[in-house]
Amino acid sequence: MSEEQRKQVLRLPKRHSRERAARPDPKLGGRIVRAQSLRGAIAAALLAIIAFSVVWAMLSTALDRVFPWMTVVQGLIIGLAVRRAGRGLDWRFPVIAAVAAIVGALVGNVIVAASFTAAEFDTGTLAVLRAATNFTWPVFFDEVITAADAIYALAAAGVAAYFANRRLTRDQYTSYRAWQENGKAGR
C-alpha cells in the first residue's frame, strides 16, 4: 500500500487547504447581487403575515387561549420568508422584515381579538372586522393591546431582521467581496 492511501483512510476532507483556495469570480458576485428582489421580499412578508395571522387565530379559538408569544414565531417565519424570496444581502431586507414583523404583530392581534369577539356574538370574524369603526379602535388599543404585546412585537422584529439576510457559502462570499472590490463591475 502506498503512503498516500495510508494517510487518506480516516482523514476528513480538507476544506481550508490552499489547494482549494481558487481565485474568486467577481461575475458570480454580480449574479448574487442581481438575484436580490425587494418586490419578492415584500410579497413574501405580506403572505407570511396573512397566513400566520389566520393560523394563529384558528389555533387560539380552537384552544380558547391567546398566545402572545406567537408574535415571535411570526417574526421568525417572516424573516425566513424574506430571506427565501428576497435573497437579500444588504440592510434593506432586515428593515423590511422588522417592519413587517411589527405590522404582523398588530394584524395578528387584531385578527385574534376579532375571532374571540366573533365567537362571543356568534358571528364570523370577517363580519366583526367589517363592523369595526373609528370608535372601536381606541377601545381595542385600551383593552387588548398591552405593553407585553409591544415587547413581543419588538422581539419579533429583532428575530425577523436577524433571519432576513441571505446566508452565503465561503465561495459565494469571496466572490461577492471580489465583485465589491472591483468597483461593482457589471452592475
Side-chain angles (χ1 to χ4, degrees), residues 32-169 172 176:
I32 290 170
V33 170
R34 285 189 299 276
Q36 298 181 109
S37 172
L38 281 175
R39 185 180 302 150
I42 293 169
L46 291 176
L47 287 173
I49 289 170
I50 293 167
F52 192 85
S53 296
V54 168
V55 169
W56 183 11
M58 289 171 45
L59 180 68
S60 293
T61 54
L63 297 176
D64 200 27
R65 291 188 61 193
V66 176
F67 301 103
W69 52 266
M70 291 288 276
T71 306
V72 179
V73 177
Q74 184 180 30
L76 173 69
I77 290 173
I78 289 170
L80 292 175
V82 167
R83 175 196 295 182
R84 180 78 172 169
R87 303 181 60 81
L89 298 171
D90 57 5
W91 61 270
R92 298 174 296 176
F93 296 91
V95 169
I96 289 170
V99 169
I102 291 173
V103 169
L106 180 62
V107 168
N109 280 318
V110 167
I111 291 176
V112 168
S115 67
F116 275 102
T117 304
E120 266 183 44
F121 292 121
D122 198 29
T123 186
T125 304
L126 291 177
V128 171
L129 289 173
R130 273 183 290 201
T133 64
N134 290 339
F135 299 111
T136 57
W137 291 114
V139 174
F140 170 77
F141 284 109
D142 283 343
E143 293 181 4
V144 177
I145 300 295
T146 63
D149 292 320
I151 292 170
Y152 281 124
L154 291 176
V159 168
Y162 177 77
F163 284 104
N165 269 346
R166 180 178 178 185
R167 304 296 190 245
L168 299 177
T169 64
Q172 289 173 332
Y176 174 65

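- Residues satisfying the ring pair (Phe, Tyr, Trp, His ring centres under 6.0 Å) criterion with Phe67, sequence neighbours excluded, are Trp69.
- In this structure, the side chain to side chain contact (heavy atoms under 4.5 Å, CB included) partners of Ile32, at least two apart in sequence or on a different chain, are Leu28, Leu89, Arg166, Leu168, Gln172.
- Taking Leu76 as the reference, Leu80, Val159, Phe163 meet the side chain to side chain contact (heavy atoms under 4.5 Å, CB included) condition, with sequence neighbours excluded.
- Under a cut-off of 6.0 angstrom, the local environment of CZ in Arg65 is sparse, with at most 12 non-hydrogen atoms contributed by other residues, nucleotides or ligands.
- The CD1 atom of Ile96 sits 12.0 Å away from atom CD1 of Ile78, with the distance rounded to the nearest 0.5 Å.
- Applying the ring pair (Phe, Tyr, Trp, His ring centres under 6.0 Å) criterion to Phe140, with sequence neighbours excluded, gives Trp137.
- Legend: side chain to side chain donor-acceptor pair (under 3.5 Å) pairs involving residues 86-110, not counting sequence neighbours, sorted by first then second residue: Asp90-Arg92.
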Stepwise side chain to side chain contact (heavy atoms under 4.5 Å, CB included) test for Gln74 and Ser53: CA-CA 8 Å; Gln74 184 180 30; Ser53 296; 3.6 Å; yes
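- For Tyr152, there are no side-chain hydrogen bond (donor to acceptor under 3.5 Å, both in side chains) partners, not counting sequence neighbours.
- Ile49 CD1 to Ile77 CD1: the interatomic distance, rounded to the nearest 0.5 Å, is 11.5 Å.
- Within the model, atoms OG1 of Thr71 and CD1 of Ile151 stand 12.0 Å from one another, a figure rounded to the nearest 0.5 Å.
- Residue pairs satisfying the side chain to side chain donor-acceptor pair (under 3.5 Å) criterion with at least one member in residues 118-131, sequence neighbours excluded, are absent.
- For Ala153, the side chain to side chain contact (heavy atoms under 4.5 Å, CB included) partners are Ala105, not counting sequence neighbours.
- At least one test fails for Arg84 against the ring of Phe93: distance under 6.0 Å to the centre or angle within 45° of the axis.
- Applying the salt bridge (charged side-chain N to carboxylate O under 4.0 Å, His left out) test to pairs two or more places apart or on separate chains, none has a residue in residues 43-59.
- Residues passing the side chain to side chain contact (heavy atoms under 4.5 Å, CB included) test with Ser37, sequence neighbours excluded: Arg39.
- Partners of Asp149 according to the side-chain hydrogen bond (donor to acceptor under 3.5 Å, both in side chains) rule, which considers only residues two or more places apart in sequence or in another chain, are Thr146.
- Taking CD1 of Ile111 as the reference point, atom CG of Leu106 lies at 10.0 Å (rounded to 0.5 Å).
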